[in-house]
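Working notes, structure below.
Order of listing sets the numbers, starting from 1, for every ligand and every atom in it. None of the values given here were measured: they were computed from a predicted structure.
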Amino acid sequence: MSRFIISSHSPNEEGNVVRVTPESAGWEYVGFEVYALTKGQTLRKETIDQEACLVLLKGKANIHTRHERWENIGLRMDVFEKIPPYSVYVPSNDVYEVQALTDLELAVCLAPGKGTYPARLIPPSEVGVEMRGAGNIERRIHNILPESKPADSLLVVEVFTPEGNWSSYPPHKHDQHNLPHESYLEETYYHQINPDHGFMVQRVYTDDRSIDETMVVKNGDVVLVPKGYHPVSAPPGYEGYYLNVMAGPVRTWKFRNDPDHEWVMESKLAAKQK
Ligand SMILES: O=C[C@H](O)[C@@H](O)[C@H](O)CC(=O)O
């Protein structure tokens, strides 16, 4: 098993099925958790020194923070409905309580917080939707918490890769603090697959090939991307979903394509124009 794959497990007593901390990942910024809560179950956490983006992957909930409450939020009952999710942004030094109104799958995206912004609801209407690429590198993007929306560190996005297509392609990286050309962002991929017995292929590799791992990813796996390029491929018959969390010293997404392969994007876009 690759050192970059963290597999989900059955829910523990608080419903947690996977947890990545900066310490467990061996990096500084990104944390990530997924909870599978049954109807009526409650999860309560303090954010302390981290900001959080609570993404309702599927199901409905009441969510309260220290000063705010949102009742009966949630729309999709499966990520592959491909409708943008409800999310809640919670700053550091706050607390959140999630009451599951249905069986609920909740992603908790974490990064260092300074308490700059108040807790807020991010409804589906505020999630930017775009189709990126063309042909067999076209994919659907839901920009849940992009750098155009306020947060201290977090960037959160979800991606749908059609069967037989590639995403995060041409391969790109963001592992150098070299603005304005490139930003240093740690990244997690939380994968789901439809149908769920399928697999995805993800490669993580660096220019010097000091890292070069090609992984078979199962439903519910988290892939850590500490550095390097990180393309994803969906085999025929299997649609891929992943939720990305990114964070680093500066909250901006400036990536560099692998120069060997960046011609592919222009080629596919040109072919689409014909
Ligand atoms: O750096 C961002 C992540 O790799 C993905 O969100 C990627 O950009 C998704 C895509 O372009 O297919």
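- Defined by atom type and a distance below 3.5 Å, a donor-acceptor pair is present between the side-chain atoms of Y238 and H197.
- Near H174, meaning under 4.0 Å from one of its heavy atoms, ligand 1 places the atoms 1 (O).
- For atom 3 (C) of ligand 1, the nearest non-hydrogen atom of the protein is E187 OE2, 2.8 Å.
- Using a 4.0 Å cut-off between heavy atoms, Y229 makes no contact with ligand 1 at all.
- Which of E158, M265, H172, R132 comes nearest to atom 1 (O) of ligand 1 through a heavy atom is settled by distance: it is H172.
- Closest protein heavy atom to atom 5 (C) of ligand 1: N244 OD1, 3.1 Å.
- When the side chains of ILVMFWY residues are joined at heavy-atom separations under 4.5 Å, either directly or via intervening members, L43 and Y86 end up in a single hydrophobic cluster.
- Using a 4.0 Å cut-off between a side-chain N of Lys or Arg and a carboxylate O of Asp or Glu, R19 and E33 qualify as a salt bridge.
- In the vicinity of S167, heavy-atom distances shorter than 4.0 Å reach the ligand 1 atoms 12 (O).
- Interface of Y242 with ligand 1, defined as ligand atoms under 4.0 Å from a residue heavy atom, comprises 9 (C), 12 (O).
- Note on E187 versus K227: no salt bridge recorded, every NZ/NE/NH1/NH2 to OD/OE distance being 4.0 Å or above.
- When the shell of 6.0 Å around CZ of F199 is examined, it contains 12 or fewer heavy atoms from other residues, nucleotides or ligands.
- Each of the following atoms of ligand 1 lies closer than 4.0 Å to a heavy atom of V157: 6 (O).
- Nearest to atom 7 (C) of ligand 1 among the protein's heavy atoms is S168 OG, 3.4 Å.
- Any N or O atom pair closer than 3.5 Å counts here, and Y189 shares at least one such pair with ligand 1.
- Salt-bridge formation is not detected for the pair E51/K114: no Lys NZ or Arg NE/NH1/NH2 atom is positioned less than 4.0 Å from an Asp or Glu carboxylate oxygen.
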